[in-house]
Structures are given as C-alpha cells and as structure tokens.
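These values consider heavy atoms only, across backbone and side chains, with no hydrogens, waters or symmetry-generated copies.
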Amino acid sequence: QPNRGQGAARNAGIRLCETEFVAIMDADDISMPSRLTRQVEFLKSHQDVGMLGTHFVFLGPKGKTGFQPPLACDHSRILADLLRGRHAMCNSSMMCRTSTLKRLGGYRIAGCGEDWDLFLRMGETAQLANLNEVLLSVRVHGGSSTGKNMRLVRTRAAWARLCAAKRAMSMPEITFEQFTTERNARPFWRRE
C-alpha cells in the first residue's frame, strides 16, 4: 500500500492478524528476549487487561542506555496520567488482545502521535497495564519520527485527551482539523 504513516500500516497488519494477541514494535527499538513470553503469560492470567505495555529504557545513537521513565503499572494510574498529558505507556512495547483492538477499529490517526488516542479509547473498554520490568530499549535520535515531529505528537495527544473528555461527558468529538483550527485561533497566553 502507499505510505500513509505508521497508524495506517499497523491497521493493515491488525486486519490480517488471526492470533489471540498482537504485539507492536518500532523497527529501530530492541525487545528483550523474554518480552513476548512475559506479556503473553500476563495477559492469559489477567483476562480484564486489553492492552499491556512494559517499562523501557532509552537507547542513545551510540548504543548507550540511559533514562528509564517511571511508568505506572495499574489501570487507574495509567489512565489518570494519560488524561493529564503524562507519558504512561510506550507504543513500541504494546501487546493487545487482537479482538479488542479490532473492535476499537485500531489506530484512528495515520501519522505520528497515533498512540495516545488508542491508549485512551482502549482504557475506556478494557484495563490497561504495564509490566514492572524493563523489556524494551527505545532508540532515541534526531531522525526518529517522534523526534522530528514532537510538536505534532504533542498536539495530537492534546486532541486525544480532549476527545476522551468529550466522550466521558457524552458529547460529540471534534476532528483533529477542527481542534488545530480552534487551537491556533486562541491567544498564545491561553494555549496549553
């Protein structure tokens, strides 16, 4: 298919997936050898969890590991952090129940920043969790899609949080285009 971004590529893979679980990983990151086994074991023993991440460390361009962000492991704290705009899950460490992911329609955003919206929508229908183990190294460099598009990633996360708040109040969501138009029309001192 033509390149339409990571979300669209992942959705194509999800549509073809026939396994009980589907794992997500970015091409330049490194999973620990036990990652998938540990996640499958956890999901099999926690039927209420629909999406499971892991703790991770950042990996620099020269192969040196660095900072390990503190992540909550239980659903309520993960969801609260996501709604506050705090990093709570790592997309590249995700394992999901395929049926739940398909029922949600996968990623709604084709390009970067697609994960925050999916995390929030998943958290409304199933439990979210993180394993309290470092099972992934996330490569950080200036050429990564997140690194090059950080402002867009943050804007899409803000849109996802607004949509989640609207869903919680049974209000209709707005499109990303409406959100960016309204956001750009606000005075700079009123922006997030």
Side-chain angles (χ1 to χ4, degrees), residues 1 3-17 21-27 29 39 48-54 56 69 71-130 136 138 144-184 186 191-192:
Q1 68 182 24
N3 185 350
R4 295 177 308 166
Q6 293 176 352
R10 288 180 177 138
N11 282 340
I14 291 164
R15 280 191 298 276
L16 297 172
C17 187
F21 307 114
V22 60
I24 307 295
M25 187 171 151
D26 291 338
D29 295 341
Q39 287 182 296
D48 57 336
V49 174
M51 179 180 280
L52 176 65
T54 74
F56 67 95
L71 298 178
C73 293
D74 64 282
H75 175 78
S76 60
R77 288 179 51 219
I78 291 170
L79 199 54
D81 283 348
L82 288 169
L83 290 168
R84 288 185 187 112
R86 296 182 186 148
H87 193 162
M89 300 194 91
C90 175
N91 194 50
S92 193
S93 77
M94 289 299 109
M95 182 176 280
C96 306
R97 295 186 188 281
T98 305
S99 59
T100 308
L101 192 54
K102 285 183 176 185
R103 193 168 48 251
L104 284 176
Y107 295 89
R108 296 196 301 179
I109 299 171
C112 63
E114 75 279 10
D115 49 0
W116 213 288
D117 174 64
L118 180 64
F119 298 161
L120 288 168
R121 289 184 298 119
M122 179 67 79
E124 293 166 8
T125 62
Q127 296 287 301
L128 304 172
N130 282 313
L136 183 78
V138 174
S144 69
S145 61
T146 300
K148 290 189 296 188
N149 299 298
M150 186 50 71
R151 184 180 177 121
L152 179 59
V153 169
R154 287 184 178 145
T155 302
R156 285 185 168 159
W159 169 77
R161 293 189 339 261
L162 175 69
C163 288
K166 287 182 172 289
R167 288 191 301 271
M169 295 183 292
S170 300
M171 295 174 61
E173 297 177 84
I174 63 171
T175 66
F176 181 69
E177 291 72 25
Q178 290 170 312
F179 176 74
T180 55
T181 301
E182 290 174 12
R183 185 179 181 144
N184 290 334
R186 281 184 248 152
R191 294 187 186 166
E192 295 178 311

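The aromatic rings of His87 and Phe56 lie tilted to each other, with the angle between the two planes from 30° to 60°.
For the atom pair CD (Gln39) and OG (Ser93), the distance works out to 6.5 Å, reported to the nearest 0.5 Å. Atom CG of Leu101 is separated from atom SG of Cys17 by 8.5 Å, given to the nearest 0.5 angstrom. Between atom OG1 of residue Thr175 and atom CH2 of residue Trp159 there is a gap of 8.0 Å, rounded to the nearest 0.5 Å. Rounding to the nearest 0.5 Å places CE of Met25 at 6.0 Å from CG of Leu136. Taken to the nearest 0.5 Å, the CD1 atom of Ile24 stands 9.5 Å off from the CE atom of Met95. Note that the CG atom of Leu79 and the CE atom of Met122 stand 12.5 Å from one another [nearest 0.5 Å].
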Checklist entry - Under the side chain to side chain contact (heavy atoms under 4.5 Å, CB included) criterion, do Arg156 and Glu114 qualify, and how do the steps go? => result CA-CA 7 Å; Arg156 285 185 168 159; Glu114 75 279 10; over 6 Å; no
Checklist entry - side chain to side chain contact (heavy atoms under 4.5 Å, CB included) between Asp26 and Val138: does it pass, once the steps are laid out? => result CA-CA 8 Å; Asp26 291 338; Val138 174; over 6 Å; no
Item to check | Phe119 vs Ile78, side chain to side chain contact (heavy atoms under 4.5 Å, CB included): CA-CA, chis, key distance, verdict | outcome: CA-CA 9 Å; Phe119 298 161; Ile78 291 170; over 6 Å; no
Next on the checklist: For a side chain to side chain contact (heavy atoms under 4.5 Å, CB included) check, start with the C-alpha distance between Val153 and Trp116, then their side-chain angles and the critical distance, and finish with the verdict.
Outcome noted: CA-CA 9 Å; Val153 169; Trp116 213 288; 6.0 Å; no
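Summarising the geometry of Leu104 relative to Arg121, their closest heavy-atom pair is O-NH1, 2.8 Å, with the distance given to 0.1 Å. Listed here is the closest heavy atom pair of Leu82 and Leu120: CB-CD2, 3.7 Å. Considering all non-hydrogen atoms of both residues, His75 and Leu128 come closest at ND1-N, 2.9 Å. Here the closest non-hydrogen pair linking Cys163 and Glu173 is CB-OE1, 3.0 Å. Taking every heavy atom of both residues into account, Thr54 and Asn130 meet most closely at N-OD1, 3.6 Å. Listed here is the closest heavy atom pair of Gly106 and Leu118: O-CD1, 3.6 Å.
Residue pairs meeting the salt bridge (charged side-chain N to carboxylate O under 4.0 Å, His left out) criterion with at least one partner in residues 96-105, sequence neighbours excluded, do not occur; the list is empty.
No donor-acceptor pair closer than 3.5 Å links the side chain of Arg108 to the backbone N or O of Asp117.
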